[in-house]
Asker: 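Please find one structure pasted underneath; my questions will follow.
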Amino acid sequence: MSAGNDPSRTRFAFPIRIYWEDTDASGVVYHANYLRYFERARSEWLRALGYDQEAMRVEQGIAFTVASLDIRYLRPARLGDELEATTEVAELRRASFTFRQQLRRPATGEVLAEASVRAGCVDAATFKPRAIPDLGLG
């Protein structure tokens with residue numbers, strides 16, 4: 001199943017500013033922080049659709065967990081940069097999403113990193129796969 005027909009529900013951009021705490025001694029973003037930015041963008045995408053992950057865990061007994069990740073670092077992000085982390089649903093299956101994500105400079109469109117992330121929907125107690133609830137994606 002592909003991800004819905006409404007691009008406004010399957011694409012999202014989240015602003016990121018780079019602070020000292022994000023960088024190594026040379027002022028370049030530490031590689032693991034890109035994963036944090038992508039995680040925030042996926043979480044904020046869900047929130048923008050009207051879904052709070054903690055409420056979903058408590059009320060529906062579901063959680064989302066990363067099952068696989070492939071990331072490419074293309075250009076360095078640096079102290080003070082104003083960037084955006086984008087999220088696009090590339091594939092929607094019964095119990096998982098595959099996302100295409102980028103960290104880029106919104107002013108120029110320059111891509112600094114890109115990732116493919118597969119996240120599964122699981123039972124919050126057992127971590128066994130569960131069907132993704134209807135999020136209105138198609």
Side-chain angles (χ1 to χ4, degrees):
M1 166 194 311
S2 66
N5 297 326
D6 184 355
S8 68
R9 296 189 65 79
T10 60
R11 295 184 191 134
F12 183 75
F14 181 68
I16 303 284
R17 181 182 295 275
I18 305 304
Y19 298 101
W20 276 113
E21 66 207 35
D22 298 316
T23 66
D24 60 20
S26 67
V28 172
V29 170
Y30 180 67
H31 71 278
N33 286 333
Y34 291 83
L35 302 178
R36 293 174 195 244
Y37 306 148
F38 290 146
E39 176 74 27
R40 288 178 195 159
R42 291 190 309 275
S43 294
E44 292 300 326
W45 165 75
L46 263 178
R47 188 181 311 276
L49 292 177
Y51 300 97
D52 177 89
Q53 290 185 75
E54 179 61 7
M56 292 174 88
R57 185 186 67 79
V58 171
E59 296 166 12
Q60 299 177 39
I62 62 169
F64 296 101
T65 184
V66 171
S68 66
L69 171 84
D70 181 34
I71 188 167
R72 291 186 52 206
Y73 302 96
L74 305 169
R75 315 244 343 129
R78 299 180 186 276
L79 179 64
D81 281 351
E82 293 184 40
L83 307 173
E84 68 181 7
T86 63
T87 298
E88 181 176 1
V89 178
E91 182 180 30
L92 176 61
R93 299 181 70 176
R94 187 184 79 73
S96 69
F97 298 96
T98 300
F99 297 97
R100 273 192 297 267
Q101 293 192 267
Q102 294 183 332
L103 186 68
R104 64 183 178 203
R105 298 181 195 290
T108 66
E110 178 184 27
V111 177
L112 307 181
E114 57 190 11
S116 176
V117 180
R118 191 168 66 90
C121 182
V122 297
D123 182 282
T126 66
F127 275 76
K128 291 184 179 180
R130 280 216 16 215
I132 297 169
D134 182 11
L135 303 175
L137 301 178

Asker: Hydrophobic clustering (ILVMFWY, side-chain heavy atoms < 4.5 Å, transitive) - are Tyr73 and Val66 grouped together?
Answerer: yes
Asker: When rounded to the nearest 0.5 angstrom, what is the spacing between OH in Tyr34 and CG in Leu112?
Answerer: 6.0 Å
Asker: To check you understand the geometry: which heavy-atom pair defines the closest contact between Ser26 and Asp24, and what is its length?
Answerer: OG-OD1, 2.6 Å
Asker: Mind checking the CG-OG1 spacing from Leu92 to Thr10? Nearest 0.5 Å is all I need.
Answerer: 10.0 Å
Asker: So do the side chains of Arg105 and Leu83 get within less than 4.5 Å of each other, counting heavy atoms only?
Answerer: yes
Asker: Looking only at heavy atoms, what is the nearest atom pair of Ile62 and Arg130, with distance?
Answerer: CG2-CZ, 3.3 Å
Asker: Can you list everything that forms a side-chain contact (heavy atoms from CB on, under 4.5 Å) with Ala13? Sequence neighbours excluded, please.
Answerer: Glu84, Thr86
Asker: May I ask whether Leu79 and Tyr30 are part of the same hydrophobic cluster, defined by side-chain heavy atoms of I, L, V, M, F, W, Y residues being less than 4.5 angstrom apart, directly or through others?
Answerer: no
Asker: What is the minimum heavy-atom distance between Ala113 and Phe38, and which atoms define it?
Answerer: O-CZ, 4.0 Å
Asker: Between the side chains of Asp123 and Lys128, is the shortest nitrogen-to-carboxylate-oxygen separation below 4.0 Å, so that they form an ion pair?
Answerer: no
Asker: State yes or no: do Ile71 and Phe99 share one hydrophobic cluster built from I, L, V, M, F, W and Y residues joined by side-chain heavy-atom distances below 4.5 Å, directly or via other members?
Answerer: yes
Asker: What residue pairs, at least two apart or across chains, pass side chain to side chain donor-acceptor pair (under 3.5 Å) with a residue in residues 61-71?
Answerer: none
Asker: State the OG1-CD distance between Thr87 and Gln101, to the nearest 0.5 angstrom.
Answerer: 3.5 Å
Asker: Glu54: which residues meet the side-chain contact (heavy atoms from CB on, under 4.5 Å) condition with it, sequence neighbours left out?
Answerer: Asp52, Arg57, Val58
Asker: Nearest 0.5 Å, please: how far is SG in Cys121 from CE in Met56?
Answerer: 6.5 Å
Asker: Please report the shortest heavy-atom distance between Arg93 and Ile132, naming the atom on each side.
Answerer: O-CD1, 3.7 Å
Asker: Is the shortest distance from a Lys or Arg side-chain nitrogen in Glu110 or Arg104 to a carboxylate oxygen in the other one below 4.0 Å?
Answerer: no
Asker: How long is the gap from OG1 on Thr23 to CG on Asn33, to the nearest 0.5 Å?
Answerer: 8.5 Å
Asker: Do Phe14 and Tyr37 belong together in a cluster built from hydrophobic side chains that touch within less than 4.5 Å?
Answerer: yes
Asker: Does a side-chain N-to-carboxylate-O contact under 4.0 Å join Arg36 and Glu39?
Answerer: no
Asker: Students often mix this up, so state it plainly: with edges at 30° and 60°, are the rings of Phe97 and Phe64 parallel, tilted or perpendicular?
Answerer: tilted
Asker: Which distance, rounded to the nearest 0.5 Å, do you find between the CD of Gln53 and the CG of Leu46?
Answerer: 5.0 Å
Asker: Restricting to non-hydrogen atoms, name the atom on Ala48 and the atom on Phe12 that form the minimum distance, rounded to 0.1 Å.
Answerer: CB-CE1, 3.6 Å
